[in-house]
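Index from 1, following the sequence.
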Amino acid sequence: MLRVLKKQDWFNHNGFPIAVQRRDPQPPFPRHKHEFSEIVFITGGKGMHVVGRESWPLSAGDVFVIGGAQVHGYENLDDLRLVNVLFQPENLRLENPDLATLPGYHALFTLEPAWRGRHQFQSRLHLPPRELETVLAIVRQLESEIQSQSPGFGFMATALFMQIVGQLSRFYGRSQNPLVQPLLRMAQTITQLESRPHENVKLDDLARQAGMSLRSFVRAFRAATGLSPIAYLIQLRLSRAAVLLRTTEDSVTEISFRVGFNDSNYFTRQFVKLFDCSPRVYRQRRPA
């Protein structure tokens, strides 16, 4: 029976959504999945990373992201040492607008996990010793904050976690690995949608930017994000609209046009599908 790692067994009892786990060395760990995600840093030794029915070699400097639903494990270990930064995406604000401008973020946290089998793990992030130590130094600060539970630790630990995410995204965005380049081109299309969701886009232009045929681009985009490019764009616009409904007094029609919809009635229908209420009802529910 497949083991599922539970949140309550790996995070602090106070519910803080970030944790650090060290494995020095990592014992053999059969295939499993989590109720959370993790960033894995390989700090020494060797072993095999098993994902589904495939396995790939690991060595110091490898960094990769494991989503909660992904089944994986470790085998054939030779003093494999690693650090896991566990996190609960649903309880962290990873949709930061500035973070969304980093193609390396979309490539490392969304696209590389989705394309891992296709690329045989060759598009993973691999850091040289100096860059690995740069990030691990932040991880140590994060670990210290979580362990101390000092006043304000939640703010400090979250800021350090975001610094880790940002630094890894920058490193990945500068990768010269040829197999990473298609991911970065695809990530650039996501960045364009995230940065300018109010603008009209043409799928042909996005596909050309990704270096793919239109059909391949749409298929790859859906495989990575779970949505077609148009559905992804609509969801972005609706999320932006929800923020404006909470933070401004602009009319529903004004907001619908501001986020990129040309028809306020269509905007309302799409809003109801996503939020299960009309924009006006959503606004009425906001805190006074």
Checking Val51 against Phe64 for the side-chain contact (heavy atoms from CB on, under 4.5 Å) test, could you report, in this order, the C-alpha distance in whole Å, the side-chain angles of both residues, the deciding distance, and whether it holds? CA-CA 12 Å; Val51 179; Phe64 50 95; over 6 Å; no
Candidate pair Val65 and Glu112, rule side-chain contact (heavy atoms from CB on, under 4.5 Å), full reasoning: CA-CA 8 Å; Val65 178; Glu112 193 282 325; 5.8 Å; no
Using the side-chain contact (heavy atoms from CB on, under 4.5 Å) rule, take Leu183 and Tyr172 through it: C-alpha gap first, then chi angles, then the decisive distance, then the call. CA-CA 10 Å; Leu183 297 182; Tyr172 200 70; 3.2 Å; yes
From CA spacing to verdict: side-chain contact (heavy atoms from CB on, under 4.5 Å), Ile164, Phe41: CA-CA 11 Å; Ile164 291 167; Phe41 299 85; 4.1 Å; yes
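In this structure the side chain of Pro229 reaches within 4.5 angstrom of the side chain of Leu203, judged on heavy atoms. When side chains are defined from C-beta on, His34 counts as touching His72, because their heavy atoms get closer than 4.5 Å. The shortest side-chain heavy-atom distance between Ile190 and Leu111 falls under the 4.5 Å cut-off. Side chains of Val135 and Glu131 form no contact here, defined as non-hydrogen atoms less than 4.5 Å apart. Annotation: side chain of Gln270 is not in contact with side chain of Arg237 (no heavy-atom distance under 4.5 Å). In this structure, the side chains of Val201 and Asp205 stay at 4.5 Å or more apart for every pair of heavy atoms. Val252 has its side chain out of reach of Phe271: every pair of non-hydrogen atoms, C-beta onward, lies at least 4.5 Å apart. Counting heavy atoms from C-beta on, the side chains of Arg246 and Tyr282 come closer than 4.5 Å.
Under the side chain to side chain donor-acceptor pair (under 3.5 Å) criterion, Asp24 pairs with no residue, sequence neighbours left out. The salt bridge (charged side-chain N to carboxylate O under 4.0 Å, His left out) test applied to Arg269 returns no partner, not counting sequence neighbours. Take His198 and apply the ring-ring contact (aromatic ring centres under 6.0 Å, His included) test, not counting sequence neighbours, and it matches no residue. By the salt bridge (charged side-chain N to carboxylate O under 4.0 Å, His left out) test, Glu75 pairs with no residue at all, sequence neighbours left out. Not counting sequence neighbours, the partners of Phe16 by the ring-ring contact (aromatic ring centres under 6.0 Å, His included) test are Phe153.
Grouping the Ile, Leu, Val, Met, Phe, Trp and Tyr side chains by contacts below 4.5 angstrom, directly or via other members, places Leu274 with Leu193. Tracing side-chain contacts under 4.5 Å through hydrophobic residues (I, L, V, M, F, W, Y), one reaches Trp56 starting from Leu58; they form part of the same cluster. Both Leu227 and Phe261 are members of a single hydrophobic cluster when ILVMFWY side chains are connected at heavy-atom separations under 4.5 Å. Leu244 and Tyr266 fall within a single hydrophobic cluster, where Ile, Leu, Val, Met, Phe, Trp and Tyr are joined by side-chain heavy atoms under 4.5 Å apart, directly or via other members. In the hydrophobic clustering of ILVMFWY residues, with side-chain heavy atoms under 4.5 Å counting as a link, Tyr232 and Leu99 come out together.
Pairs passing the side chain to side chain donor-acceptor pair (under 3.5 Å) check and including a residue from residues 248-261, sequence neighbours excluded, read Glu249-Arg286, Asp250-Arg258, Ser251-Glu254.
Annotation for Pro89 and Ser37: closest pair CG-OG, 3.6 Å, computed over non-hydrogen atoms. Nearest heavy-atom pair across Asp263 and Phe257 is N-CE2, 4.4 Å. Counting all heavy atoms, side chain and backbone alike, Ser169 lies closest to Phe109 at OG-CE1, 4.1 Å. Residues Arg53 and Arg31 come closest through the heavy atom pair CA-NH1, 4.4 Å. The shortest heavy-atom contact between Arg23 and Pro27 is CD-CD, 4.2 Å. Leu233 and Pro197 make their closest contact through CD1-O, 3.4 Å (heavy atoms, listed as atom of the first residue, atom of the second, distance).
A side-chain donor-acceptor contact under 3.5 Å links Thr191 to the backbone of Ala187. Counting only distance, with no hydrogens or angles, the side chain of Thr43 and the backbone of Arg81 share a donor-acceptor pair below 3.5 Å. Looking only at distances, a side-chain donor or acceptor of Gln176 sits under 3.5 Å from a matching main-chain atom of Arg174. Looking at Ser175, its side chain never comes within 3.5 Å of a backbone N or O of Phe171 through a donor-acceptor pair. Panel note: side chain Gln149, backbone Ile146; a donor-acceptor pair is recorded below 3.5 Å. Without hydrogens or angle criteria, His49 side chain to Pro57 main chain gives no donor-acceptor distance under 3.5 Å. Although no hydrogens or angles enter the test, the distance criterion places a donor-acceptor pair under 3.5 Å between the side chain of Asn177 and the main chain of Gln122. Not one N or O on the side chain of His126 forms a donor-acceptor pair closer than 3.5 Å with the backbone of Arg124. In this structure a side-chain-to-backbone donor-acceptor pair under 3.5 Å is missing from Thr158 to Phe155. Looking at Arg22, its side chain never comes within 3.5 Å of a backbone N or O of Val20 through a donor-acceptor pair.
Atom CZ of Arg185 sits in a crowded spot, with more than 12 heavy atoms from other residues, nucleotides or ligands closer than 6.0 Å. Enclosure of atom CZ in Arg280 is not indicated, since only 12 or fewer non-hydrogen atoms of other residues, nucleotides or ligands lie within 6.0 angstrom. Within 6.0 Å of NZ in Lys7 there are more than 12 heavy atoms belonging to other residues, nucleotides or ligands.
The aromatic rings of Phe87 and Phe161 sit tilted, their planes meeting at an angle between 30° and 60°. Ring geometry for Phe29 against His32 counts as tilted: the plane angle lies between 30° and 60°, on a 0 to 90° scale.
Note that CG of Asp62 is 9.5 Å distant from CG of Leu80, once rounded to the nearest 0.5 Å. Note that CD of Gln26 and CG of Asp79 are 11.5 Å apart. Values are rounded to the nearest 0.5 Å. We find the CD-CE distance between Gln209 and Met186 to be 10.5 Å, quoted to the nearest 0.5 Å. A distance of 4.5 Å separates CZ in Arg285 from SG in Cys277, rounded to the nearest 0.5 Å. In this structure, CZ on Phe11 lies 4.5 Å from CD on Gln88, to the nearest 0.5 angstrom. For the atom pair CZ of Arg222 and OG of Ser228, the computed distance is 5.0 Å after rounding to the nearest 0.5 Å.
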